Amino acid sequence: MTKVLAPKYNPKEVEDGHYSFWEERKYFHSEPDSSRKSFTIVIPPPNITGVLHMGHALNTIIQDVLIRWRRMEGNNTLWMPGTDHAGIATQNVVEKSLIQNGLKREEMGRKRFLDAVWQWRDEYGSTIIKQLKKLGSSCDWERERFTMDEGLSAAVREAFVRLWEKGLIYRGKYIINWCPRCQTALSDDEVDHETHDGHLWYIKYPFRDEPHLSMTVATTRPETMLGDVAVAVNPEDERYKEFVGETLVLPVVGREIPVIADAMVDKAFGTGSVKVTPAHDPNDFEISLNHGLEPVVVMEGDATMSKDAGEYAGMDRYECREALVEELRHRGSIAKIEPHTHSVGHCYRCRTVIEPRLSDQWFVKMKPLAETAIKATHEGLVTFHPARWTKVYLDWLENVRDWCISRQIWWGHQIPAWHCKDCEEVNVARTTPTTCSKCQGANLEQDPDVLDTWFSSALWPFSTLGWPEDTEELKNYYPTNVLVTDRGIIYFWVARMVMMGLEMLGSVPFHKVYIHGTILDELGRKMSKSMGNGIDPLDMTERYGVDAVRMSLLLLTTEGQDIKLSESKFEMGRNFTNKVWNATRFILMNLEGQTPPPLSATKDAALSFEDKWILSRLNLAIGTTTAELERFRFNDALRTIYEFFWHEFCDWYLEIIKPRLYEPVNEEDKAVARSVLVHVLQHTMKLLHPFAPFLTEEIWQTLRENFRENGLLEEGVIIASWPVAERRDRDIEKTMELLQEIVRSLRNIRRNLDIPDKQPLSAIISAHAKTAVQLLEQHSGFLKQMAIVEDLDIGHDLSKPRSSASAVVGSLQVFVPLSGVIDIDVEKQRQQKRITELDSYLEKVRKKLSNKNFVEKARADVVENERSRETELSEQISKLRQILTDLEK
RNA sequence: GGGCGCUUGGCUCAGUGGCUAGAGCACUUGCUUCACACGCAAGGGGUCGGUGGUUCGAGUCCACCAGCGCCCACCA
């Protein structure tokens, strides 16, 4: 008994069921298997604090398409999932929630706080994973990893120790980026620069020996003058040469500071003389090293002024700025204040203005690592898609600075270094040491800092596969094939993975990097929580269905271009899911519960014209879809299927075969049509499966339920094989094009002359060539049916009946005699318009052909093509002119 | 300051130097036709930001310009 489908596709009814079905069948699971080609993607691990947004959705859907497609192709496919502990972000979130319960991190202590974070993680950390599943992600969930789980933590330690042993990790006192709110160091990449409208304060520093004279320095941060230890000028600067070596007195503070010469000073900026604040500015720190100056720290970690700030101690940095400027103004020390636009660093996690701070930190020496990565990239071992990102990535590697990896937070991988309290030796070890390697003392204390989250992320492609153990997984799945991500983390993540992969395993972690576009709102702005301009992907899946969301996004995904998204875009996908659903419904209804023989059992001779045509087009669609997927052209791949299914299969094939189904000339012909229907449906469902897994699975299973016994579903119960393109028949495709054109021209006449859709026409088609007459006669049934023509007269050089509408199709003429009233003016207008149109084409063609250079230099086939176009166009025009003349009689 | 991307019909976007520049949405007209009004059929609408160049031929390559956007930079 045939299952009757509802007239509308209802995604909600089927989605959950199919997902758990796939999981139960272990459809997503992969085991190492050296006999098969593997295809691996590691997911960009979302933060455990994350909530799914459109960016994740797009990223995930793209990976799922690639994975499902390659799986269907027969690869041993692994999509490795997991989450990232996201050090600072998570610590911030948990701290906030604890504060609501009156709990402060500092009061709780490290151990209790970390317990609370783990608890939070167990409770909320898998939210995003559930959301990824909702989208249909076919990850191997049995292998899910977390950057802080045991195995990955071991990998982090191993990597750290190896780098330390090679001298690629060092510790020291430097100026780093400090977030006063998160109270931790950040790497250069974790600082977002924004342009601010600020001021440039010009402050006069008097000479000690001649207090009525002074040097003027310009600064954007007057409060840091409390920590000034010198004034520097360029050694080449004639204006100041004579002052080098003199002593100035720092206003308000009263400290005596020297005038020094340093090439780092830009003569052209400000006054050409600059205050030197080593503890609070990276350049000044460098200058101080060259000149042996002792830094004066005037600010604490929370951006309040320190005791060395004298009377300003305890004030917030901006409060201090205001008070100090007021004081300077009062004393007459301000020469002038100018408006000044400059860029200000902000913490990428909390937006607080970054403070350069002098402190002890751990660093990775990047140059040697970068060089290896650059080399591997030049050798083509890693390619970017689109290719332009290669340059962005290489530029970063070439100018890379050392990476500050220590963070003064608690949530993360604590640095595997133990400080000996007796001899100050730093013991770096894979396992917790009990005695100092230098003095054998047992007074060891682990470094309190944790590692930058991106340190563990950099190991992700192999730590998730069991490294540093020598696992079967590593042998089978590493290097992975494709990395799919967004341009925002090329430096943070992609480049560092390449470096670490090469350093730890000696090979790149992936061969291709696909960088997809960013999802923007309707106005082209980034979607953000604070602006409230986001579109919630889960809300969209509720309203339109997962497959509709997937297909809509993929139809918008051109190679790497940003996507301006609005809710209405999802209608495109939903409409298509419904179209597919209804075509299936139609097919099932017309199979009447009977099982057609597989197409392979049907003789070619039994196939009719339209059968051969649709099969030829199917083969084209299969080939094109596959080729476009290879190139990461998701929109073109899906558009191919969309076009084929909707505008060829539904619009033409389903329509033309209706009589064969409803009033068949014989049962065999009906059975053949049914076989073709099922064949095309099955193959399109396969092609569509990576894009719309739920819909296609539902249809597949419905077919199976109905035809359990017939061998139509050769792969069993899950869509599991990718179709292979077979031969096309171009002659048939060409004939079809002609027939379609004739049908369209007849429909056009009908509409233009206001003939009701159902009223049958009489039509005459005149051809000059005998072969054309023959061909058309063969297909007269097709024409009659599709254009609703009752009497069709096809013949050699037939003449136009007196009162009739006409059209020229290729070398043919189509006439529709109209016994009743025919509006001559409408018909004349129609013909005139067409003549004008063709005339302009003809003009272009003639222009080309009259160009001697074109005829001589252009490819022969191009010239030949233009020649035949000229002939055809002029013939068409003259026929149309004749028609027009007749009308005027 | 440097780099990159974008500018094609009303809107959102495709478009591998040469098929009459396409699609979805919107629009117009006609259809409650027994798969689908989340539909069917027929249409209207752009000369591809500007200028110059390369070429037999440019939306497609090059240069410059303009507007929009993104990224990078030790702009005291």
Side-chain angles (χ1 to χ4, degrees), chain A residues 5 7-9 175 188 193 195 200 217-221 224 232 264-266 269-271 273-277 281-286 340-343 356 386 388-389 391-392 395-396 399 401 487-488 490-491 518 520 522 524-526 544 548 552 555-556 558 560-566 568-569 571-590 631 633 635-636 639 642-643 650-651 654-655 662 744 747-752 754-758 837-838 840-842 844-845 848 851-859 861-863 865-866 869 873:
Chain A
L5 304 182
K8 275 191 181 154
Y9 174 53
I175 292 265
D188 295 331
H193 292 276
T195 304
L200 202 52
V217 298
T219 180
T220 53
R221 307 182 55 216
T224 63
M264 277 179 77
V265 179
D266 177 1
F269 190 90
T271 59
S273 56
V274 57
K275 59 196 272 310
V276 180
T277 322
D281 183 280
N283 293 318
D284 294 4
F285 180 70
E286 283 216 21
H340 181 70
T341 306
H342 60 138
S343 117
R388 66 184 132 96
W389 296 110
K391 184 171 147 40
V392 174
D395 282 351
W396 183 83
N399 301 301
R401 282 173 290 169
R487 61 169 174 269
I490 292 176
Y491 311 138
T518 305
L520 306 171
E522 238 172 324
R525 303 170 304 185
K526 274 189 186 162
Y544 298 92
S552 299
L555 282 167
L556 298 169
T558 57
Q561 227 32 62
D562 287 351
I563 298 168
K564 271 191 217 171
L565 193 65
S566 58
S568 63
K569 296 275 166 61
E571 286 171 13
M572 169 166 54
R574 182 204 50 193
N575 294 353
F576 187 49
T577 54
N578 196 241
K579 189 69 182 180
V580 171
W581 181 256
N582 269 290
T584 306
R585 185 165 172 254
F586 169 82
I587 293 168
L588 281 175
M589 287 169 85
N590 283 292
R631 304 199 301 151
R633 305 292 297 239
N635 63 330
D636 290 327
R639 202 166 292 281
Y642 181 102
E643 262 312 297
C650 291
D651 290 352
L654 294 189
E655 291 306 321
Y662 298 156
R744 283 195 200 100
R747 287 170 174 173
N748 181 292
I749 289 171
R750 178 191 292 279
R751 179 71 19 249
N752 274 283
D754 260 333
I755 303 162
D757 287 358
K758 285 182 198 163
E837 209 178 7
L838 294 181
S840 79
Y841 299 147
L842 182 60
K844 277 191 207 165
V845 173
K848 277 192 195 175
N851 182 341
K852 200 176 69 195
N853 284 322
F854 172 75
V855 181
E856 281 169 10
K857 295 189 182 174
R859 272 199 337 257
D861 62 308
V862 174
V863 177
N865 196 25
E866 292 300 319
R869 271 186 71 205
L873 281 169

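The structure displayed is predicted, hence computed values, not measured ones. Quick note on labels: first sequence line is chain A, next is B, and so on, each numbered from 1.
Under the 3.5 Å distance criterion, the side-chain polar atoms of A:Asn578 are left unmatched by any main-chain donor or acceptor of A:Arg574. Between the side chain of A:Asn752 and the main chain of A:Asn748, a donor-acceptor pair closer than 3.5 Å is present. Between the side chain of A:Arg750 and the main chain of A:Pro756, a donor-acceptor pair closer than 3.5 Å is present. Looking only at distances, a side-chain donor or acceptor of A:Lys569 sits under 3.5 Å from a matching main-chain atom of A:Lys564. No donor-acceptor pair under 3.5 Å is formed between the side chain of A:Asn582 and the backbone N or O of A:Arg585.
With sequence neighbours excluded, no residue satisfies side chain to side chain donor-acceptor pair (under 3.5 Å) with A:Arg401.
Rounding to the nearest 0.5 Å places OG1 of A:Thr577 at 11.0 Å from NZ of A:Lys8.
The interatomic distance linking A:Lys391 (NZ) with B:rG3 (P) rounds to 8 Å, in whole Å. With rounding to whole Å, A:Tyr662 atom OH is found 7 Å from B:rC34 atom C1'. Going from atom CD of A:Glu643 over to atom C1' of B:rA23 covers 7 Å, rounded to whole Å. Rounded to an integer number of Å, the gap from CG of A:Asn851 to C1' of B:rU55 is 11 Å. One interatomic measurement links the two molecules: CZ of A:Arg585 to C1' of B:rA35, which rounds to 6 Å at whole-angstrom precision. Following rounding to the nearest Å, A:Ile563 (CD1) and B:rC6 (P) show an atom-to-atom distance of 15 Å.
The residues A:Asp757 and A:Arg751 are annotated as salt-bridged, a charged nitrogen and a carboxylate oxygen being separated by less than 4.0 angstrom.
Distance from the side chain of A:Asp636 is smallest for B:rA14 among the nucleotides B:rC56, B:rA35, B:rA14. Checking B:rA14, B:rC36, B:rA23 against the side-chain heavy atoms of A:Arg639 singles out B:rA23 as nearest.
Side-chain polar atoms of A:Lys275 and A:Thr277 form a donor-acceptor pair below 3.5 angstrom.
Contact check for A:Leu555 versus A:Phe576: no side-chain heavy atoms found under the 4.5 Å cut-off. At least one side-chain heavy atom of A:Arg487 sits under 4.5 Å from a side-chain heavy atom of A:Trp389. The shortest distance between side-chain heavy atoms of A:His340 and A:Thr220 falls below 4.5 Å. Taking 4.5 Å as the limit, every side-chain heavy atom of A:Leu565 sits out of range of all side-chain heavy atoms of A:Leu520. In this structure, A:Ser273 and A:Val217 have side chains that are in contact, with non-hydrogen atoms separated by less than 4.5 Å. A:Ser568 has its side chain out of reach of A:Glu522: every pair of non-hydrogen atoms, C-beta onward, lies at least 4.5 Å apart.
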**Request:** Summarise protein proximity over nucleotides 67-76 of chain B in one line of letters, 5' to 3': B for base, S for sugar-phosphate only, - for none, counting protein heavy atoms closer than 4.0 Å.
**Result:** ---SSSSBBB
If you restrict it to nitrogen or oxygen atoms, what contacts under 3.5 Å exist between nucleotides 39-42 of chain B and the protein, and what is each distance?
residue	atom	partner	partner atom	Å
B:rG39	OP1	A:Asn575	ND2	3.3
B:rG39	O3'	A:Lys579	NZ	3.1
B:rC40	OP1	A:Lys579	NZ	2.9
B:rC40	OP1	A:Trp646	NE1	2.5
B:rA41	O3'	A:Arg747	NH1	3.3
B:rA42	OP1	A:Arg747	NH1	3.4
B:rA42	O3'	A:Asn748	ND2	3.2

Taking N or O atoms only and anything under 3.5 Å, show me the protein contacts with nucleotides 18-20 of chain B, one pair per line.
residue	atom	partner	partner atom	Å
B:rU20	OP1	A:Arg869	NE	2.7
B:rU20	OP1	A:Arg869	NH1	3.0
B:rU20	OP1	A:Arg869	NH2	2.6
B:rU20	OP2	A:Arg869	NH1	2.2
B:rU20	OP2	A:Arg869	NH2	3.4
B:rU20	O2	A:Tyr841	OH	2.7

With the criterion being N/O to N/O and under 3.5 Å, what pairs connect the protein with nucleotides 10-12 of chain B, and how long is each?
residue	atom	partner	partner atom	Å
B:rU12	O2'	A:Lys569	NZ	3.0

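Residue A:Arg631 is out of contact with every strand shown, counting any heavy-atom pair closer than 4.0 Å. If you check every strand for non-hydrogen atoms under 4.0 Å, A:Tyr9 touches nothing.
When the C1' atom is compared between B:rU8 and B:rU12, the two are found 12 Å apart, to the nearest whole Å. Comparing the same atom, P, in B:rC19 and in B:rC25 gives a spacing of 27 Å after rounding to whole Å. If you take atom C1' in B:rG9 and the same atom in B:rG43, they sit 15 Å apart, rounded to whole Å. B:rC62 and B:rU55 are spaced 15 Å apart, taking the P atom of each and rounding to whole Å. Annotation: B:rC27 and B:rA14 have their P atoms spaced 24 Å apart (nearest Å). Comparing B:rG59 with B:rG52, their P atoms sit 14 Å apart, to the nearest whole Å. Taking atom C1' in both B:rG10 and B:rU16, one finds a spacing of 29 Å when rounded to whole Å. For the C1' atoms, the distance linking B:rA26 with B:rC72 amounts to 40 Å, nearest Å.
Within a 6.0 Å sphere centred on CD of A:Glu643, other residues, nucleotides and ligands contribute more than 12 heavy atoms.
Aromatic ring pairs are classed by plane angle as parallel below 30°, tilted from 30° to 60° and perpendicular above 60°; the pair A:Tyr491 and A:Trp396 is parallel.
Counting only Watson-Crick or G-U wobble pairs whose defining distances are both under 3.5 Å, the stems of 3 or more consecutive pairs in RNA chain B are B:1-7 with B:66-72, B:10-13 with B:22-25, B:27-31 with B:39-43, B:49-53 with B:61-65.
Distances shorter than 4.0 Å separate some side-chain N or O of A:Arg633 from OP1 or OP2 on B:rG15.
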